[in-house]
2 protein chains.
Amino acid sequence: MATLKDIARALDLSITQVSRALNDHSDVNEETRLRVKATARAMNYHPNASARKLVSGRSGMVGLVVPNYRNIGQDRLFMEVVAGLSTQFSGRGMQFVLHMMAEHEPALPTYQRLIGKAMLDGFVLIDPQDQDPRIDFLRKAGLSFVVHGRSGKTIDYPYFDIENEQLAYDLTAHLVARGHRRIAFLNGVAGRSYVTVRAQGYLRALQDGGAEVLPHLHLHGEMDEAHGLTDTVRLFSGEAPRPTAIICGNVRLAQGVYQALAALGLSVPGDVSVVAHDDELPALRASAFFPSLTVTKAPLRDSWEPLADCLAGAIEGKPLATLQRIGRYTFIERNSVAAL
Amino acid sequence: MATLKDIARALDLSITQVSRALNDHSDVNEETRLRVKATARAMNYHPNASARKLVSGRSGMVGLVVPNYRNIGQDRLFMEVVAGLSTQFSGRGMQFVLHMMAEHEPALPTYQRLIGKAMLDGFVLIDPQDQDPRIDFLRKAGLSFVVHGRSGKTIDYPYFDIENEQLAYDLTAHLVARGHRRIAFLNGVAGRSYVTVRAQGYLRALQDGGAEVLPHLHLHGEMDEAHGLTDTVRLFSGEAPRPTAIICGNVRLAQGVYQALAALGLSVPGDVSVVAHDDELPALRASAFFPSLTVTKAPLRDSWEPLADCLAGAIEGKPLATLQRIGRYTFIERNSVAAL
DNA sequence: TATGTTTTCCGAAACGTTTCGGTAAAACCG
DNA sequence: CGGTTTTACCGAAACGTTTCGGAAAACATA
């Protein structure tokens, strides 16, 4: 492999000057810069990442740490994340390191170890929890990172997120405006920050609309078909007052809800109205539901580019204001809601 | 982060001696070695991967390069590979770098660039083609690698593979032994080395059994439900003599074949016998078919550990003989084959 | 002409590690 | 006891890069 020394020798220049030419520093003659770049290309030169990292602190490598679990290979969400982020970083000439923790391995020591090796420039943090300790940890360690979502009181770090509070508010208010008063919310796993924030939007809309807050209608759990199914069955059995509408945290939940309602002999939207948030995971189209599903839509696919942008920016030391981004969502009214 | 210098200062030793103690070299007092290791742990020391790579050529990082394509996020196989390998390497304290090529980007320059950065110790090569150029390229570059499969005339590199030739032979011979003479083979995409090798086994068994070789019964294509379905329809329409048995390259193909046969009003195994090779991808169980499917079984899941083993071994310079491994497969007879 | 300024270059140090060659001191040997 | 071997240590160089502090040459200013 060609090194700076090789190029310097070939051009009868100093290593210093070659380095400065390649890195577009100011004090190098324009013609020299061109000559250097030309021979660098000709000699197939690529800067040695280790050497560069050692002295400048930059290696161009970023990491994603994910907990392992049985059947992670079948988790659509995980695949989307990995494929999306990896594509983004590869496209920027950066390296994407995927670290899978052993099941039940604690997270912070894993980050600690990776940081200790000093080969990563930063991390992408997905799936933040309320008060996620990783954020504090990385902040203290002084490493760059970007969060997919927001967590904690002081949001003084780069992130990409959507307005989950407002989105839950919109979905709820849409139902309230149509006369619904007992509105169920099939939310995600308690503790995840977007789940908490959506809960706030849901409650705010209920209160704004003067609707009752019935705790037994607010359910938490994994957002898959199975939970949509069993949660719906639970809502419509027992003594407690039954909902006239259901909000689903995602479309997979809605899928289960539709199945359960059909099984219970209840029609959508005649007996029960249903709305959902749509991450637009492929292979599950809300518009293809019958009746088609009213949703707030924010494709998850649109997250990877801004996330990579923000992390790259953070590593380059860009100002924080440019590294905090909010993705848009759209409200799409279809045929799954009826007025009471 | 603590460095060797810090430890040396704390113990009033030289950096040299600390390094040698930590790396279990011979000429260091046993008691000193223990003291050094203890303080290293206490000071939370982790060797700087960049510095180490720079001087010793080892970084503990390996790469996987995959071509990107639409909907890769939904490719079960891809995710199994990534999740499996990543877990294996993470568990060995190695780093796993996932590089996604842009669609239609040529492979060799990508490897070239990654090699140029000199941060990877080796590569895992999946999905080798007949005469795969990557193998030659990496061999010439002098980098360690392990191939999932075998390709080319001279197999003088580390690999993990199963006996695809014999497996295709077994499936075919099983049918021949039961009197079948017109046996179709739904093979994978032409050019992939395992596809070529399976074709050889298929042909050998036909000839050994004195069965006719009918080229129109040997089909190539992606191994998914859709191809299983359309290939079956094609086999049973038109003038050409129809098969009495079908061999499927995997269970997803078999799924499509079952659907197509049902639609055509043909019964398994009454009208048509079906066998397949089973990679045991989750969520598609050959035993749960009706009638249950006769297969050769070799779980893909069992590949990641030997692959990681072999690559790690290659990097450490172990002898080639220990780095060429063959995985077992089992023949499982169920209810999808009838004698003629 | 003397003095500053800009342009363009360079030597040397530094990053953290491994390793080569060397060296005292202790141990061993006949 | 002289000589050899073994033990346990260390200094310095090397890996390839970036960057600091200078410095020669060219040019502008007074």
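Side-chain atoms are counted along with the backbone in the values below, which use heavy atoms only and exclude waters and symmetry mates. The sequence lines fix the lettering, A, B, ..., with proteins before strands; numbering per chain opens at 1.
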Inset, instruction - Quick one: list whatever passes side-chain hydrogen bond (donor to acceptor under 3.5 Å, both in side chains) with Arg9(A), sequence neighbours left out. - result: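 With neighbours one apart ignored, the set is Asp6(A).
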Inset, instruction - Scan for salt bridge (Lys or Arg N to Asp or Glu O under 4.0 Å) pairs involving residues 77-95 of chain B, sequence neighbours excluded, and state none if there are none. - result: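 Applying salt bridge (Lys or Arg N to Asp or Glu O under 4.0 Å) to every pair that reaches into residues 77-95 of chain B, excluding sequence neighbours, yields Glu80(B)-Arg301(B), Arg92(B)-Asp309(B).
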Legend entry - Partners passing salt bridge (charged side-chain N to carboxylate O under 4.0 Å, His left out) against Arg150(B) (at least two apart in sequence or in another chain):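 Result, salt bridge (charged side-chain N to carboxylate O under 4.0 Å, His left out) vs Arg150(B): Asp161(B), Glu163(B).
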Legend entry - Those residues of residues 32-41 of chain B lying under 4.0 Å from DNA chain C by at least one heavy atom: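 Listed by number, there are none.
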Legend entry - Per-nucleotide pairing state of DNA chain D [Watson-Crick or G-U, under 3.5 Å; [ ] pseudoknot-crossing; | other strand]: ||||||||||||||||||||||||||||||
Legend entry - Non-neighbouring partners of Ile15(B) that pass side chain to side chain contact (heavy atoms under 4.5 Å, CB included), sequence neighbours left out: Leu4(B), Lys5(B), Ala8(B)
Legend entry - Opening and closing nucleotides of DNA chain D in contact with chain B, under 4.0 Å to non-hydrogen atoms: dA8(D) to dG16(D)
Donor-acceptor pairs under 3.5 angstrom involving side-chain atoms of residues 42-50 of chain A: please list them, not counting sequence neighbours.
residue: Asn44(A); atom: OD1; partner: His46(A); partner atom: NE2; Å: 3.2
residue: Asn48(A); atom: OD1; partner: Ser50(A); partner atom: N; Å: 2.8
residue: Asn48(A); atom: OD1; partner: Ala51(A); partner atom: N; Å: 3.0

Inset, instruction - Sequence neighbours left out, what pairs pass ring-ring contact (aromatic ring centres under 6.0 Å, His included) with at least one residue falling in residues 112-147 of chain A? - result: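 Counting only pairs at least two positions apart or across chains, the ring-ring contact (aromatic ring centres under 6.0 Å, His included) contacts touching residues 112-147 of chain A are Tyr111(A)-Phe123(A), Phe145(A)-Tyr157(A).
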Legend entry - Members of residues 1-16 of chain A that approach DNA chain D, where some heavy atom sits under 4.0 Å away: Thr3(A), Leu4(A), Ile15(A), Thr16(A)
Legend entry - Interface residues of residues 49-61 of chain B with DNA chain D (non-hydrogen, below 4.0 angstrom): Leu54(B), Val55(B)
Inset, instruction - Could you note down all residue pairs passing side chain to side chain donor-acceptor pair (under 3.5 Å) where residues 54-66 of chain B supplies at least one of them, sequence neighbours left out? - result: Ser59(B)-Asp121(B)
